[in-house]
Amino acid sequence: MRLTPGPPREIDLDGVDLFDLDLYTEGDPHPVWDAMRERAPLHHQVLPDGREFWSVTRFEDVCRVLGDHREFTSERGTVPTHLGADDVAAGVLLTSTDPPRHTEVRRPLGAKLTARAVKSWEDSIRRTIVRFLAPALDGEPFDLAEQALLLPALVTGPLLGIPEKDWAELVQLTAMVTAPSDPHFRTGSEAATLAIAHHELVTYVREWVLSRRKSGFEDDSLLHHLMNVRPGGAPLTDEEIALDGYSILLGANVTTPHTVSGTVHALMERPEQFDKAQADPTLIPNLVEEGLRWTSAACNFMRYAVDDVEIAGGTIPARGAVVAWIGSANRDASRFPDPHTFDITRANAKRQVAFGFGPHFCIGAPLARLTLRVFFEELLQHFGSIEPAGEPQHLRSYFIAGMTHLPITAQKRRTP
Ligand code: HEM
């Protein structure tokens with residue numbers, strides 16, 4: 001998805017198709033969202049097949065939809081690619097469960113992923129990132145977006161307890177779930193791609209659990225931890241573990257790489273921001289927040305209205321689907337002045353909602369923040385400059401904002 005909007009243009013909000021994949025691959029969605037925030041903060045669209053959904057685009061409305069499970073439930077699905085098909089994992093999968101059950105499952109898992117808990121991983125993450133960046137330093141073109149898809153696997157693989165030999169396949173499967181129409185990942189129709197990938201991922205985790213039970217082997221990994229969690233006093237079933245493992249795999253794999261590519265792309269477009277961060281590494285944590293705001297890799301999440309809800313000057317009827325556009329909320333000028341300027345010194349960059357808001361706020365945020373900070377520390381320490389070596393290619397998805405290719409060439413920094 002194009003992250004720096006092109007020149008202003010007339011937008012016909014009655015005719016706009018927010019599920020048009022071309023809008024995200026070749027088009028320019030930011031001017032559309034700008035117009036929606038201004039003229040139609042509650043937008044309604046009916047798809048040609050009759051499915052319909054409402055959209056909110058302003059910061060405060062996005063937070064309300066994501067944050068209030070009494071008005072907007074997660075239990076009928078949260079991913080817009082599944083619009084209209086009730087979630088079969090409702091009330092079982094962490095992401096499709098409302099409090100209080102959600103809180104019970106999430107608490108013990110969250111304890112393993114706090115900033116303090118993941119800090120112990122910093123040295124190993126740094127070694128991984130140094131190895132990851134090394135090939136880019138020989139001055140040859142390096143496809144950052146393509147390579148970055150493997151980054152979370154290298155970083156979180158050991159944390160999850162999954163052997164490295166399986167990562168390439170799991171990365172491919174998670175990409176198929178999030179961008180089933182992208183030619184890089186598609187296998188047959190979009191529905192078939194989704195079904196195959198979902199089935200194989202859940203089966204993978206289920207078999208992982210079974211083999212652990214058989215061997216009796218224990219370790220400190222996150223998946224193993226799930227086997228010992230006792231929400232409400234009872235252990236999770238194997239099905240619940242498989243589904244939660246699935247959502248951790250998805251969460252870990254599909255977002256961080258696109259934040260890396262989108263932020264590096266923003267820095268290449270603005271070498272003065274690159275120089276500023278290099279001159280003052282204390283700016284790196286804020287660069288990470290601005291990169292999260294700018295890229296908003298999870299471009300939206302969906303909820304369903306429980307009853308009729310008044311919001312953004314209109315009404316969403318009971319059982320209506322509503323898409324909360326995170327990418328738009330993060331460019332709302334009422335919160336982020338001059339929102340389409342990428343500024344690593346932005347005062348309130350940390351108020352971004354790229355990790356969502358409320359009970360489902362990203363459980364992996366501390367790990368993602370740590371990975372991104374270490375990535376940019378190493379990049380700025382070792383790279384003197386980065387330049388584009390070709391046009392970026394955008395992911396064919398209205399759910400995940402990302403790139404499939406970003407060729408770069410880098411020069412070694414002379415005096416690190
Ligand atoms: C830049 C990186 C990331 C971004 C932008 C991101 C974004 C998000 C967002 C917006 C949500 C909220 C979903 C909702 O409201 O329904 C979420 C939830 C979640 N994320 Fe992330 N995520 C990132 C990294 C990660 C990582 C590294 C992991 C795994 C370690 C992860 C695992 C999860 C899980 C399991 C949930 C569901 C939490 C719940 O339902 O309580 N994410 N993420």
Side-chain angles (χ1 to χ4, degrees), residues 62-69 72-80 82 87 89-99 101-110 112-114 117-118 121 125 148 151-162 174 178 221-223 225-226 231 243-263 288-289 291-304 322-327 329-330 352-373 375 399-402:
V62 165
C63 291
R64 182 171 155 197
V65 168
L66 296 180
D68 189 342
H69 69 275
F72 301 102
T73 177
S74 291
E75 299 217 343
R76 293 183 53 211
T78 61
V79 175
H82 296 162
D87 192 336
V92 186
L93 180 68
L94 183 71
T95 48
S96 340
T97 301
D98 290 332
R101 171 74 182 164
H102 170 262
T103 320
E104 286 175 354
V105 180
R106 181 176 159 119
R107 195 178 291 129
L109 193 57
K112 294 283 281 184
L113 287 167
T114 59
V118 298
W121 287 81
I125 291 176
L151 192 60
L154 304 172
V155 169
T156 46
L159 178 66
L160 282 162
I162 288 176
T174 45
T178 44
S221 69
L222 208 51
L223 285 183
H225 180 66
L226 277 177
L243 288 169
D244 285 338
Y246 162 82
S247 60
I248 295 170
L249 276 173
L250 269 190
N253 280 5
V254 301
T255 43
T256 317
H258 299 303
T259 311
V260 163
S261 313
T263 306
V288 167
E289 298 302 322
L292 285 159
R293 181 189 78 86
W294 186 254
T295 51
S296 296
C299 175
N300 51 50
F301 269 99
M302 190 173 70
R303 300 286 189 266
Y304 285 85
V322 52
V323 178
W325 293 88
I326 292 173
N330 275 334
Q352 50 77 18
V353 284
F355 291 123
F357 186 80
H360 293 275
F361 179 83
C362 178
I363 204 166
L367 180 63
R369 283 192 160 117
L370 173 65
T371 307
L372 291 165
R373 173 173 62 74
F375 181 91
F399 171 45
I400 297 292

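Counting starts at 1 for both ligands and their atoms, following the listed order. Owing to the predicted nature of the structure, the values given are computational and were not obtained by experimental measurement.
Counting only protein N, O or S atoms, the number found under 2.8 Å from atom 21 (Fe) of ligand 1 is 1.
Ligand 1 has no atom lying under 4.0 Å from any heavy atom of Ser74. Contact between Ile326 and ligand 1 is present, with at least one heavy atom of the residue lying under 4.0 Å from the ligand. The closest approach between Thr97 and ligand 1 stays at or above 4.0 Å for every heavy atom of the residue.
Looking at Thr256 against ligand 1, both its backbone and its side chain come within 4.0 Å, counting heavy atoms. Heavy atoms of His360 found under 4.0 angstrom from ligand 1 belong to the backbone as well as the side chain. If you look at Thr371 next to ligand 1, there are no close heavy atoms at all, none under 4.0 Å. The part of Leu292 lying near ligand 1 is the side chain, judged by heavy-atom distances below 4.0 Å.
Annotation: atom 5 (C) of ligand 1 to nearest protein heavy atom, Ala354 O, 3.5 Å. Closest to atom 1 (C) of ligand 1, if we only count protein heavy atoms, is Thr259 OG1, 3.3 Å. The nearest protein atom to atom 14 (C) of ligand 1, hydrogens excluded, is given as Arg303 NH2, 3.4 Å; this is a heavy-atom distance.
The structure places OG1 of Thr95 at 10.5 Å from CD of Glu75, a figure rounded to the nearest 0.5 Å. Distance check: Leu159 CG to Trp121 CH2 gives 4.5 Å after rounding to the nearest 0.5 Å. The CG atom of Leu222 lies 4.5 Å from the CD1 atom of Ile248; values are rounded to the nearest 0.5 Å. Here CG of Leu223 is found 11.0 Å from NZ of Lys112. Values are rounded to the nearest 0.5 Å. Going from atom CG of Leu94 over to atom CZ of Arg101 covers 10.0 Å, rounded to the nearest 0.5 Å. Interatomic distance, OH of Tyr304 versus OG1 of Thr73, reported as 10.5 Å (0.5 Å rounding).
Remark: side-chain polar atoms of Asn330 are paired, donor with acceptor, to backbone N or O of Val353 under 3.5 angstrom. Proximity of a side-chain donor or acceptor of Ser247 to a complementary backbone N or O of Asp244 within less than 3.5 Å is detected. Judged purely by atom type and a 3.5 angstrom limit, Thr156 uses its side chain to pair as donor or acceptor with the backbone of Pro152.
Applying the 4.0 Å criterion to heavy atoms of His102 picks out, from ligand 1, the atoms 39 (C), 40 (O), 41 (O). Listed by atom number, the atoms of ligand 1 under 4.0 Å from Arg106 heavy atoms are 38 (C), 39 (C), 41 (O). In the vicinity of Thr95, heavy-atom distances shorter than 4.0 Å reach the ligand 1 atoms 37 (C), 40 (O).
Residue nearest to atom 13 (C) of ligand 1, selected from Phe301, Phe357, Phe72, Phe361: Phe301 (by heavy-atom distance).
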Please output the side-chain donor-acceptor pairs of residues 356-363 that fall under 3.5 Å, not counting sequence neighbours, one pair per line with the distance.
residue : atom : partner : partner atom : Å
His360  : ND1  : His102  : NE2          : 3.3
His360  : NE2  : Ser74   : OG           : 3.3
His360  : NE2  : Thr97   : O            : 3.2

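Each of Asn253, Val260, Thr256 was compared with Leu151 under the side-chain contact (heavy atoms from CB on, under 4.5 Å) criterion, and only Val260 meets it.
Residues satisfying the ring pair (Phe, Tyr, Trp, His ring centres under 6.0 Å) test with Tyr246, not counting sequence neighbours, are His198. With sequence neighbours excluded, no residue satisfies ring pair (Phe, Tyr, Trp, His ring centres under 6.0 Å) with Phe72.
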